[in-house]
Amino acid sequence: MRKSKVVTAAVVFLLLLAVSAATVQAEGKAGKKGKVTPGVEVFLKDHLDWVEGKRVGLITNPTGVDRNLVSTSDLLYEHPDVNLTALFGPEHGIRGDQEAGEYVESYIDEKTGLPVYSLYGPTWKPTEEMLEDVDVLLFDIQDIGSNVYTYIYTLGFAMEAAAEYDKEVIVLDRPNPIGGNRVEGPLRSEETVSFMGRFLLPVRHGMTVGELATMWNHEYSMGVDLKVAKMKGWKRTMHYEDTGLPWVMTSPNIPTQESAYLYAGTELVEDTNLSTGLGTTKPFELVGGPGIDGEALAAEMNSRDLAGVHFRSAYYTPMFGRHEGQLIGGVQVHIDDPSEIDLVALGLHLVDAMRDQKPEEFEMTSSYANLIGDPDVPAMILDDQPVEEIMSSWQDELDTWTREVRNQYLLYKPYPKGAKPYKEQGVLGILPLDVSASLGESVDLTVKGYDEHGERLDIDATELDWTVTGDIGEIIDGVFHASGEGKGELNVRFGKYTAKRQVDVSTTLLENIRYGVHADYTRVVFDLNKTITNYQLEEEDGRLRLEVPYGEIGGELDDRGGTIQISNSPVVDDIEYERDGDTFVAVFNLKTGSVIYETPSFSSRIVVDVMH
């Protein structure tokens, strides 16, 4: 009995040692993951004074939660020191229940009774009316690190509205789930801009939303009163699994961390006749195409020895989307080490390998340049140029942008070699944010800004030091007078603060008028040769009248004027256009006495959405 008890005690002791060792090992692993405190929790604990006595608007979606999965909208609405007055929803809506690209309506939130304004569809940028009861806009949405994921541009457009309507912006920062070190892909060209507006980024930017906002405020001289509630504990080397934060699907087709990790790469299969796995339970992990040999593709991709991933053959039938009901052959991308993956290389190699299987059947849409951000890449892919050569074509420009621009605005360590942490500094802004003029035209300019403490600068216009480059004109008493055609830059200095604004002086050409009738609205698009903001649109006597000062008729339009018939629209009958003196005029003849209309911002276009 004594011997048995001794043996039993020894066994128990050894078991306790084993359990203890396992616990220490587990705690060690957990310790490596660490604990990241998201910006919303930091804001509520340390920065409520930022909104004291102010009316708050919140831009959010289901990813806006604390570590206990309580929504930011509820946290703010129920907080006694926060006066939440409005909610704003991006693509997929504030509840995340809308499909990609689907129009999101504005409505009243049942839980709070607050207005919820849509920032996707006809209106991307908050209007003056939407911001009537708002002093400060808070942004709390989880990004996934890709330059074609629309949430970051919702932030950019909100900053534009804040600049124009004199509102403050606070970003409640969140992790970049694919890390903050790697920067990949071509820097987006101005020729490939659509939803992205002025915000030119590479495919993988390696920044948080707070860092993006800081960079845009300075680089585009927006002059916004911007604050960032920085995370605690986040490092650039982290991926989302390292943060200790719960994962919330960022959109219907990004259900998992794996989808988010791969999106910036496998998204580059889009805008071809291939499949990114949409319509399956593994979007952006499953990639293939009709008739593709999955075994051969897996063998080829594995032979290319791409770091951080390996491939197995896979066959799937999408339940919806472009390939609905078709058997797709391809691969599933398995992640070995997310920190090692070159996502842009991954996406391009997948396109290259699948094209090589069926070169005669491979198709690419005209939108591929907008997807990757470089107008030269589609032709290089179609010409079967090696992936390494394609990537080397943009590397010098990417390295320069990364070093001279992006690395100046990083808020979290470890910092890249030669980079220093961003220090709070004042910002000067020039309005309007887009300056374009025709010969002889004058543009009123406004300068405003904030010091490094967030205090508004007391700017005396007589103390502004202006210079204009490019021999395009001069500035007198805050007014730019265009006297020479070409592109130049307006530069202003006020004490130690500076700002700049690109300007284009050229004839404004209205080159085409297009339309589309959607379920909720009729969209009319006026294609121009450049971006302008100095047009007027007014409703009068059952008509909408558009006037573009100094606008001339060109392109596909009849220079004598004409009429564009609008088929199947319940609200617009036709559009008559002509040149009246030195002004382009277009009149929308309506089928109803009064309409609601929106004018979303696009580069080189005037867009009018007439609601049904």
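Because the structure is predicted, anything quoted here is derived from the model rather than measured.
Side chain of Arg188 to backbone of Asn370: a donor-acceptor contact under 3.5 angstrom is found. Distance alone, capped at 3.5 Å, places no donor-acceptor pair between the Asp109 side chain and the Val116 backbone. Between the Ser259 side chain and the Phe284 main chain, no donor and acceptor come within less than 3.5 Å of each other. Under the 3.5 Å distance criterion, the side-chain polar atoms of Thr266 are left unmatched by any main-chain donor or acceptor of Gly347. Side chain of Thr276 to backbone of Glu267: no donor-acceptor contact under 3.5 angstrom is found. In terms of modelled atom types and a separation under 3.5 Å, the side chain of Gln536 and the main chain of Asn534 share a donor-acceptor contact. With hydrogens and angles ignored, the 3.5 Å screen pairs no side-chain donor or acceptor of Arg501 with any backbone N or O of Val492. A donor-acceptor distance shorter than 3.5 angstrom exists from the side chain of Arg204 to the backbone of Ile178, with no hydrogens or angles considered. Of the possible donor and acceptor atoms, none in the side chain of Gln257 sits under 3.5 Å from a partner among the backbone N and O of Tyr240. Using a distance-only test at 3.5 Å, with no hydrogens or angles considered, a donor-acceptor pair links the side chain of Thr85 to the main chain of Asp133.
With rounding to the nearest 0.5 Å, the separation of CD in Glu41 from CG in Asp66 is 5.0 Å. To the nearest 0.5 Å, atoms CG (Leu268) and OH (Tyr368) are separated by 4.5 Å. Atoms OH and CD, on Tyr117 and Glu129 in that order, are 9.5 Å from each other to the nearest 0.5 Å. If you take CD1 on Ile390 and CD1 on Ile372, they are separated by 7.5 Å, rounding to the nearest 0.5 Å. For the atom pair CG of Leu155 and CD1 of Ile141, the computed distance is 8.5 Å after rounding to the nearest 0.5 Å. Atom CD1 of Ile532 and atom OG of Ser436 lie 7.0 Å apart (nearest 0.5 Å).
In this structure the side chain of Thr402 reaches within 4.5 angstrom of the side chain of Asn407, judged on heavy atoms. Looking only at side-chain heavy atoms (C-beta outward), Arg406 and Pro416 come within less than 4.5 Å of each other. Leu137 is listed as a side-chain neighbour of Phe88, based on a closest heavy-atom distance under 4.5 Å. Proximity of Leu119 to Ile59: side-chain heavy atoms (C-beta onward) are separated by under 4.5 Å at one or more points. Put simply, the side chain of Pro414 reaches to within 4.5 Å of the side chain of Lys235, judged on heavy atoms. Using a 4.5 Å heavy-atom threshold, the side chains of Leu76 and Leu44 count as touching. At a threshold of 4.5 Å between non-hydrogen side-chain atoms, the residues Thr214 and Val171 do not count as touching. At a threshold of 4.5 Å between non-hydrogen side-chain atoms, the residues Lys227 and His47 do not count as touching.
Ion pair Glu219/Arg198 not flagged as a salt bridge, since none of the NZ, NE, NH1 or NH2 atoms sits closer than 4.0 Å to an Asp/Glu carboxylate oxygen. Using a cut-off of 4.0 Å between Lys/Arg side-chain N and Asp/Glu carboxylate O, Arg174 and Asp140 are scored as salt-bridged.
Looking at every heavy atom in both residues, Glu241 comes nearest to Pro338 through OE2-CG, 4.3 Å. When every heavy atom of Leu245 is checked against every heavy atom of Pro38, the shortest pair comes out as CD2-CD, 3.9 Å. Looking at every heavy atom in both residues, Gly185 comes nearest to Pro202 through O-CB, 3.7 Å. Among all heavy-atom pairs drawn from Asp374 and Trp394, the shortest one is OD2-CE3, 4.3 Å. Smallest separation of non-hydrogen atoms from Ile144 and Ala260: CG2-CB, 3.9 Å. Residues Pro177 and Trp247 approach most closely at CB-CZ3, 4.4 Å, considering heavy atoms.
Atom CD of Glu190 sits in a sparse spot, with 12 or fewer heavy atoms from other residues, nucleotides or ligands closer than 6.0 Å. Counting heavy atoms of neighbouring residues, nucleotides and ligands inside a 6.0 Å radius, atom CG of Asp49 exceeds 12 of them. Residue-environment remark: CD1 (Ile596) stays at or below the threshold of 12 foreign heavy atoms within 6.0 Å. The environment of Gln408 atom CD is dense: over 12 non-hydrogen atoms of other residues, nucleotides or ligands sit within 6.0 angstrom.
Looking only at atom types and distance, the side chain of Gln425 has no donor-acceptor partner in the side chain of Glu452 under 3.5 Å away. A side-chain donor-acceptor contact under 3.5 Å links Asp74 and Ser71. A donor atom on one side chain and an acceptor atom on the other are found under 3.5 Å apart for Thr208 and Asp173. Side-chain atoms of Ser251 and Tyr149 form a donor-acceptor pair, as typed in the model, at a separation below 3.5 Å.
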Determine, stepwise, if the pair Trp124 / Thr150 fulfils side-chain contact (heavy atoms from CB on, under 4.5 Å).
-> CA-CA 10 Å; Trp124 296 346; Thr150 61; over 6 Å; no
Please test Phe199 against Trp216 for ring-ring contact (aromatic ring centres under 6.0 Å, His included), starting from the C-alpha separation and ending with a verdict.
-> CA-CA 7 Å; Phe199 307 105; Trp216 290 339; 4.4 Å; yes
Step by step, work out the side-chain contact (heavy atoms from CB on, under 4.5 Å) result for Val42 and Lys230.
-> CA-CA 7 Å; Val42 175; Lys230 294 192 290 186; over 6 Å; no
Stepwise, does the side-chain contact (heavy atoms from CB on, under 4.5 Å) test hold for Thr400 with Leu398?
-> CA-CA 5 Å; Thr400 299; Leu398 178 65; over 6 Å; no
For His79 and Phe43, run ring-ring contact (aromatic ring centres under 6.0 Å, His included): C-alpha distance rounded to whole Å, both residues' side-chain angles, the deciding distance at 0.1 Å, then the answer.
-> CA-CA 12 Å; His79 200 289; Phe43 168 76; 8.5 Å; no
Show your reasoning for whether side-chain contact (heavy atoms from CB on, under 4.5 Å) applies to Leu346 and Leu262.
-> CA-CA 9 Å; Leu346 168 65; Leu262 294 172; 3.9 Å; yes
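The side-chain hydrogen bond (donor to acceptor under 3.5 Å, both in side chains) test with Asp135 is passed by exactly one of Lys167, Arg55, Lys54: Arg55.
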